[in-house]
Protein chains: 2
Amino acid sequence: MIDTRRNILEKNYEAMHRHGFQGVRPDKVISELGITKGAFYHYFPGKLELGYAVVDEIIGPRYTGLWQQLEHYQGHPVEGIVWCLEYIRSGMNEQSCALGCPLNNLINEMAPLDEGFRIRLQGIMETMHSAIARALQRAADKGLLNRTLDAKNYAYFVLAAMEGCFSVGKSMQRRTAFDAALDELIGTLRGLKQG
Amino acid sequence: MIDTRRNILEKNYEAMHRHGFQGVRPDKVISELGITKGAFYHYFPGKLELGYAVVDEIIGPRYTGLWQQLEHYQGHPVEGIVWCLEYIRSGMNEQSCALGCPLNNLINEMAPLDEGFRIRLQGIMETMHSAIARALQRAADKGLLNRTLDAKNYAYFVLAAMEGCFSVGKSMQRRTAFDAALDELIGTLRGLKQG
DNA sequence: TCTTGCACATACCAATTAGTATGTTCATCT
DNA sequence: AGATGAACATACTAATTGGTATGTGCAAGA
């Protein structure tokens, strides 16, 4: 293999997405990869550190990379947020809807169980939160909103609603429910715009 | 014990809340209860059926019981929804915030993994969704809303935002984040009211 | 009184899991 | 050429997990 470590990481990421971290069986994953335990324990001290690496190297960059683009978005900051949401939607199909948001899944599973996970996941959420809050604040500062709001508090709400869309889609096993909830969130956001 | 079965159910519910279903070790839970495997397997065929029973007999009734009260709420239906949300908030402390919503947790963990769980959890969500959608529709029919909306779609959004509040609170390990997100949701809901 | 069966306890077990200890191969540097 | 170490493979293991098989006490009915 060209990059065994990366393959291990990505396959285990997929397994984590489906089964949760506790449900991952590194043995099975690596045997599906056609390699053995030797390779796995060569690159990772153990299962826990593998989980951390998946968060640090796959999940974290994916989310922070997206939301940090808000900083450079030209146009109404609210539309920037909507753009991010639509980007997320565009990357989804029926299956990924049924599996839910990898970040949301991991938060709900691991945040209360392991400090290492919790700190990492909290860091990702804080980065996303800051990006959204700053966008809202910019909009407010430029008088682009039709009411006053607390940017930080509202950013928590946006994050919550977005993650919740995944939970709804997952519980219903239907994209239509995810889409409906997301459409209403977007409508609510656009309702903040001046004019 | 007065009701061993109920004790088993409730202790395992607590364990599921903390560790997730896959993380529950029925052995440990029952030994903490001071009973043995004999008692457990006398009342339940196995771990899976225990999980189903927890959903059917504890989680389900708790949620559906709350939201179905919307039907009899006197006053603006939107305030009925707000009342339910405030009721949920009132039942939370720092610890339950860190552990998250039992329903949300279970959906995110088990919906893609097991049909038995999925059907049960979906049923609970559909009951809640219907209750919210009907409340919104009543408000619309009575001309109590300041804009038109699709009650069913908006109900998905309300559910999503609510569940998302738990995810946010859980990831941040702080009630303030949960409260902030929930306050904004409530503000958004009240913004629908006429006048 | 005898029996039946519920409500558990005790003892055992096979499979799984995560991990370790120990090779082996091969490229690279000296 | 010989030494070295990265990159794996193989074989083993201790602990855990979920479950079964069997035993026991005791209350209620025949």
Side-chain angles (χ1 to χ4, degrees), chain A residues 1-58 105-106 109-110 112-118 120, chain B residues 1-58 105-106 109-110 112-118 120:
Chain A
M1 293 292 172
I2 295 170
D3 192 339
T4 302
R5 199 188 109 95
R6 186 70 195 179
N7 281 330
I8 293 171
L9 224 45
E10 286 179 358
K11 273 280 179 187
N12 276 282
Y13 162 73
E14 290 169 25
M16 281 171 65
H17 193 189
R18 173 171 297 276
H19 302 285
F21 176 71
Q22 296 180 96
V24 165
R25 300 297 114 110
D27 279 38
K28 301 219 166 147
V29 173
I30 61 178
S31 85
E32 281 166 20
L33 263 174
I35 59 175
T36 59
K37 310 190 82 153
F40 177 78
Y41 285 99
H42 175 67
Y43 289 107
F44 301 95
K47 186 185 174 184
L48 194 60
E49 290 81 3
L50 165 71
Y52 295 165
V54 166
V55 176
D56 291 335
E57 301 177 40
I58 297 186
N105 292 354
L106 220 42
E109 181 189 4
M110 296 305 297
L113 293 182
D114 182 89
E115 270 293 290
F117 270 105
R118 220 213 67 220
R120 287 170 170 81
Chain B
M1 293 292 170
I2 295 170
D3 193 340
T4 303
R5 200 189 109 95
R6 186 71 194 179
N7 281 330
I8 294 172
L9 223 45
E10 286 178 359
K11 273 283 179 184
N12 276 283
Y13 162 73
E14 289 169 25
M16 279 171 66
H17 193 190
R18 175 172 296 277
H19 302 286
F21 176 73
Q22 295 180 96
V24 166
R25 299 297 113 109
D27 280 36
K28 302 218 165 145
V29 173
I30 61 177
S31 87
E32 282 166 20
L33 263 174
I35 59 175
T36 59
K37 310 189 83 153
F40 178 78
Y41 285 100
H42 175 66
Y43 289 107
F44 302 95
K47 186 187 176 184
L48 194 60
E49 291 80 5
L50 165 71
Y52 294 167
V54 167
V55 176
D56 290 336
E57 301 176 38
I58 297 186
N105 292 354
L106 220 41
E109 181 190 5
M110 296 306 295
L113 293 182
D114 181 88
E115 270 293 289
F117 269 105
R118 219 213 68 221
R120 287 170 169 82

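Note: hydrogens, waters and symmetry copies are ignored here, and every other heavy atom, side chains too, is used. Quick note on labels: first sequence line is chain A, next is B, and so on, each numbered from 1.
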What is the distance, to the nearest angstrom, from the CG atom on A:L33 to the C1' atom on D:dA7? 15 Å

Quick check on contacts: within residues 14-24 of chain A, what sits under 4.0 Å from DNA chain C by heavy-atom distance? A:V24

Rounded distance (Å) that lies between atom P of D:dA15 and atom NZ of A:K47: 19 Å

Atom CG of B:L48 and atom C1' of D:dG19 are separated, to the nearest Å, by 14 Å

Mind checking B:Y41 for me? I need base, sugar-phosphate or nothing, with any heavy atom below 4.0 Å counting as a touch. base

As a test of reading the structure: which of C:dA18, D:dC8, C:dA7 is closest to the side chain of A:R25, going by heavy atoms? C:dA18

Identify the heavy atoms of A:K47 and A:P26 that sit nearest to each other, and give their distance. CG-CG, 3.9 Å

Residue pair B:D114 / B:Y52, side-chain donor-acceptor N/O under 3.5 Å: yes

Mind checking the CG-CE spacing from B:L113 to B:M110? Nearest 0.5 Å is all I need. 5.0 Å

How long is the gap from CG on A:L50 to CZ on A:R5, to the nearest 0.5 Å? 9.0 Å

Please give, in whole Å, the distance from D:dT17 C1' to A:D27 CG? 15 Å

B:F40 CZ to C:dT10 C1', straight-line distance once rounded to whole Å: 17 Å

From A:L33 atom CG to A:I8 atom CD1, the distance as rounded to the nearest 0.5 Å: 7.0 Å

Kindly say whether, by distance alone, the side chain of B:K37 makes a donor-acceptor pair under 3.5 Å with the base of D:dG19? yes

Whole angstrom is fine here: how far is it from CZ in B:F44 over to P in D:dG19? 13 Å

Side-chain touch A:L9/A:Y43, heavy atoms, less than 4.5 angstrom: no

Distance check needed: D:dA7 C1' versus A:N7 CG, whole Å only. 14 Å

C:dC8 OP1/OP2 closer than 4.0 Å to side-chain N/O of B:T4: yes

d(CZ, B:R6; P, C:dA7) in whole Å: 17 Å

Counting just side-chain N and O atoms, does B:H42 come under 4.0 Å of either OP1 or OP2 of C:dA7? yes

Residue pair A:G38/A:K28 against DNA chain C: nearer the 5' end by closest nucleotide is A:K28

Among pairs that include at least one residue of residues 5-28 of chain A, which meet ring pair (Phe, Tyr, Trp, His ring centres under 6.0 Å), considering only residues two or more places apart or in two chains? A:F21-A:F117

